[in-house]
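Keep in mind that what you see is a predicted model, and the values were worked out from it rather than measured.
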Amino acid sequence: MKGGSDYATQKPEALLERIIKASSNEGMLVADFFGGSGVTAAVAHKLNRRFIHGDVNINSLQTARDRLVNAGAEFEIKEVKDGVRLFRNPVQTMDKLKSCLIPGLNATASLDSQYWAGSITSSKYGMMPVYLPNLLDGSKRVLDKSEMMNLIHKAQPDLPDEVKRVIVYYVDVEDIDELRQFIHDENQQTLIEFELRDLKQVLDEVVMEDEAEWSLEEAKDPLGMSMGWKLTMKSFHSDRVKRKVDEFNLKGEQQTLKKKADGKKARFVPIKLSDEGLETIEWLSVDCAHAEKSAPWHSDMEIRIEKTGTVTINGKKTNDYWDGTILSENKPLRLKIRNVCGDETVFEI
């Protein structure tokens with residue numbers, strides 16, 4: 001059951017209430033391992049049930065987490081360390097893979113983009129089409145025989161005649177030797193070779209993070225008494241946000257020029273980012289309990305900047321506008337920032 005805003009398979013809360021009431025009692029555990037935006041968990045909390053929410057997509061986890069905070073639920077966030085870390089920021093990861101992480105990968109107009117991310121040119125094999133699993137689709141995590149059937153019998157026949165080898169990247173396979181034998185058996189009608197490569201090795205040492213600058217000082221009242229700690233954001237920059245803004249502006253300018261060429265009145269106002277870039281922050285939180293970057297996150301104070309510019313503090317909406325600071329009773333050890341594209345980065349303070 002997947003639910004929540006902007007999810008195509010959203011289930012109404014009233015329906016989930018009926019299901020949960022009919023199949024459990026108060027205090028029992030309700031689990032949704034394809035939890036979407038967390039409606040099931042939120043309804044379970046409202047009905048005095050314990051809950052487990054699971055999903056591979058970081059945007060799902062962010063939305064569910066915000067929903068549960070607003071509902072006043074107590075919960076812990078745990079990460080399953082089994083390779084799905086590649087799906088943490090799937091959109092950003094896919095962008096990076098196509099733009100810079102795979103040496104020599106270039107977009108190729110002659111290839112079907114449904115299957116091929118582009119190609120790599122080799123002095124020995126010439127043009128080698130490259131397949132990348134869609135990290136936005138959790139079902140693509142394991143490269144199985146079904147997907148290989150599509151590549152061999154649907155994608156391969158449309159390749160240019162000069163292609164001698166294709167490269168297939170994978171996140172996981174159940175049995176690599178069995179898959180290679182399957183490829184050998186199914187691919188006897190052509191002379192094209194299939195080379196399998198582990199995508200985790202490409203990303204093993206890569207850290208895709210945004211950049212931030214801040215100052216931290218002890219907050220004091222007019223009498224000099226300590227009031228906790230104040231972290232002030234000085235700047236925040238995200239390459240992906242900037243690229244998205246540039247793409248939007250370029251498209252808008254091109255459409256405007258086309259309309260003017262057709263004799264129509266047109267005006268386009270481009271998006272401009274400030275030098276500080278703080279307007280590209282959607283949410284930030286400080287952890288006063290753990291200093292290690294990889295430790296479980298403990299949110300001592302958090303601020304969400306709404307579309308109107310007002311802030312929601314620890315799940316409570318206000319009419320105040322964000323002044324670029326976040327206050328905490330204890331000294332922050334880590335800072336987590338989410339940009340407007342949904343990517344999250346943790347900084348050690």
Side-chain angles (χ1 to χ4, degrees), residues 1-7 9-11 13 16 20 29-81 84-93 135-136 138 208-210 212 236 238 280-290 292-307 310-318 322 326 328 332-347:
M1 296 176 293
K2 189 170 280 192
S5 59
D6 299 326
Y7 278 78
T9 53
Q10 175 180 345
K11 304 297 185 299
E13 287 194 21
L16 290 173
I20 292 173
L29 181 64
V30 175
D32 188 347
F33 297 106
F34 302 90
S37 60
V39 177
T40 302
V43 172
H45 166 70
K46 185 172 70 173
L47 297 177
N48 297 315
R49 271 76 167 170
R50 296 176 297 138
F51 58 84
I52 294 175
H53 167 89
D55 206 291
V56 73
N57 194 298
I58 186 62
N59 293 317
S60 160
L61 300 179
Q62 292 165 353
T63 305
R65 183 196 166 285
D66 292 347
R67 186 190 297 278
L68 292 169
V69 168
N70 292 336
E74 293 185 6
F75 57 93
E76 291 182 83
I77 298 178
K78 296 184 179 294
E79 181 182 1
V80 179
K81 297 183 180 296
V84 297
R85 66 187 184 280
L86 302 182
F87 292 85
R88 185 183 182 279
N89 288 328
V91 177
Q92 186 181 30
T93 304
L135 301 184
L136 280 71
M208 290 166 290
E209 294 183 336
D210 296 331
F236 178 76
S238 166
T280 63
I281 296 176
E282 178 183 77
W283 174 92
L284 66 166
S285 169
V286 292
D287 181 351
C288 304
H290 306 292
E292 301 80 13
K293 195 170 185 179
S294 60
W297 188 261
H298 180 275
S299 182
D300 289 272
M301 178 64 71
E302 61 186 56
I303 290 178
R304 178 184 175 89
I305 298 93
E306 306 295 344
K307 293 180 179 179
T310 58
V311 295
T312 297
I313 302 175
N314 285 351
K316 296 181 180 179
K317 292 186 177 181
T318 74
W322 188 44
I326 181 169
S328 61
L333 302 175
R334 293 188 298 170
L335 168 68
K336 182 187 286 189
I337 301 178
R338 182 192 310 165
N339 66 37
V340 292
C341 287
D343 307 319
E344 288 186 354
T345 303
V346 175
F347 303 91

Rounded distance [0.5 Å steps], [atom1] in [X] versus [atom2] in [Y]:
X      : Y      : atom1 : atom2 : value
Ile20  : Thr40  : CD1   : OG1   : 6.0 Å
Ile313 : Trp322 : CD1   : CH2   : 11.5 Å
Trp283 : Arg65  : CH2   : CZ    : 4.0 Å
Leu284 : Ile326 : CG    : CD1   : 4.5 Å

Would you confirm whether [X], through its side chain, and [Y], through its main-chain N or O, come within 3.5 Å as a donor-acceptor pair?
X      : Y      : result
Arg334 : Val346 : no
Asp55  : Gly36  : yes
Asn314 : Glu302 : yes
Ser285 : Lys336 : no

So, Ser238 versus Thr280: side-chain donor-acceptor pair below 3.5 Å or not?
no
Which atom of [X] lies closest to which atom of [Y], heavy atoms considered:
X      : Y      : result
Ser37  : Arg67  : O-NE, 2.9 Å
Thr310 : Thr318 : CB-O, 3.6 Å
Val286 : Trp297 : C-CZ2, 3.9 Å
Ala64  : His53  : CB-NE2, 3.4 Å
Ile337 : Ala212 : CD1-CB, 4.0 Å

Set of side-chain hydrogen bond (donor to acceptor under 3.5 Å, both in side chains) partners for Ser328, sequence neighbours left out:
none
side-chain hydrogen bond (donor to acceptor under 3.5 Å, both in side chains) involving His298 - partner list, sequence neighbours excluded
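With neighbours one apart ignored, the set is Asp300.
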Atom pairs and distances, donor-acceptor, side-chain atoms in residues 70-77, under 3.5 Å, two or more places apart:
unit_1: Asn70; atom_1: ND2; unit_2: Asp66; atom_2: O; d: 3.2

Does the pair Glu306/Arg304 count as a salt bridge with the N-to-O cut at 4.0 Å?
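Yes, this pair counts.
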Go through Val43 and Phe51 one step at a time and tell me if the side chain to side chain contact (heavy atoms under 4.5 Å, CB included) criterion holds.
CA-CA 9 Å; Val43 172; Phe51 58 84; over 6 Å; no
Quick one: does Asp287's side chain get under 4.5 Å of Leu333's, heavy atoms only?
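Asp287 vs Leu333: side chains apart.
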